[in-house]
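This report refers to the structure that appears directly beneath it.
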Amino acid sequence: MEEITDLEMKREEAIAHAKCMLNYHVSEIKRRYDADMDAAEQDYDTSRQSLHDAIMAAIDDRRKQIREDKDNGLDINDLLRDAYHRIHHTKRNLRKRQGDRNQINASPSRTENPKRRQTRPNNQASLSGSLNQREEDELDQDYGIMKGSKQQPVLVQ
C-alpha cells in the first residue's frame, strides 16, 4: 500500500511540476510577445515621426522658396497655376512619335532591314493555285488515311 501512495505522491508532484512548467512557458511567450509589440510600436512611432519631420521640412523649404520668389517679384498665383497645370494636364503621347526618334531608339535589326518580312521566302504550298499530279496524289492519300480507308500509296516519280 505504501508503494501506491508513494507513486500517487510522485504523480501529483510530476503534475504540479508540469503545471509550473506550462505557466512558465506561457508567461515567457507573453513576455516575448509584449517585447515584440513594444519594439514594433516604437519602430512605427519613429518612422511616423521621421516622415512627419521630412514632410514638414519640405513644406518649410517650399514656403521659403515662395517667399524668396515673392521678394524677387514673381507672381505666386502664376507659379501655383503653372504647377497645377503641369500636374493635372500632362498626357502621354505614346502613338505620336516622330520618325527620327524611332530610328534612334529602335534596335539595329529593325533599322537595317525595314522590309524584313516581305523578303522572306514563301515555302508553304499554295492551295489557291493548281496542284500537280504528285501533290494531288499525296492529298488523296492523306485524306484516305484520315477517313480510315486503307488506300494503297501511289508512287509517282
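All values below come from the heavy atoms of this structure, side chains included, with hydrogens, waters and symmetry mates left out. From a predicted model like this one, the values you see are computed outputs, not experimental measurements.
Judged as a side-chain contact (heavy atoms from CB on, under 4.5 Å), and not counting sequence neighbours, I29 has no contacts. Remark: E12 pairs with no residue by the side-chain hydrogen bond (donor to acceptor under 3.5 Å, both in side chains) rule, at least two apart or across chains. In this structure R63 satisfies the side-chain hydrogen bond (donor to acceptor under 3.5 Å, both in side chains) test with no other residue, sequence neighbours excluded. Looking at residues two or more places apart in sequence or on another chain, you find no side-chain hydrogen bond (donor to acceptor under 3.5 Å, both in side chains) involving E136. When the side-chain hydrogen bond (donor to acceptor under 3.5 Å, both in side chains) test is applied to D53, the partners found at least two apart in sequence or on another chain are Q49. Annotation: side-chain contact (heavy atoms from CB on, under 4.5 Å) contacts of E28 (sequence neighbours excluded): Y24, R31, R32.
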Apply side chain to side chain donor-acceptor pair (under 3.5 Å) to the pair D38 and Q42, showing each step before the final yes or no. CA-CA 6 Å; D38 290 341; Q42 189 177 15; over 6 Å; no
Working for salt bridge (charged side-chain N to carboxylate O under 4.0 Å, His left out), residues E138 and R134: CA-CA 6 Å; E138 286 178 3; R134 180 174 166 231; 3.5 Å; yes
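Taking the side chain as every heavy atom from C-beta outward, H52 and M56 approach each other to under 4.5 Å.
Of the inter-residue distances, the one linking T5 atom OG1 with E3 atom CD reads 9.0 Å to the nearest 0.5 angstrom. Of the inter-residue distances, the one linking E41 atom CD with D34 atom CG reads 9.5 Å to the nearest 0.5 angstrom. Atom CD1 in I66 sits 10.5 Å away from atom CD1 in I59 (nearest 0.5 Å). A distance of 12.0 Å separates CD1 of I55 from CG of D60, quoted to the nearest 0.5 Å. Taking CG from L22 and OG from S27, the interatomic distance works out to 9.5 Å, rounded to the nearest 0.5 Å.
Taking all atoms of both residues into account, the shortest heavy-atom contact from S50 to S47 is OG-O, 2.9 Å.
In this structure, a donor-acceptor pair under 3.5 Å is absent between the side chains of D61 and Q65.
Among the candidates K19, H25, H17, the single residue satisfying the side-chain contact (heavy atoms from CB on, under 4.5 Å) test with M21 is H25.
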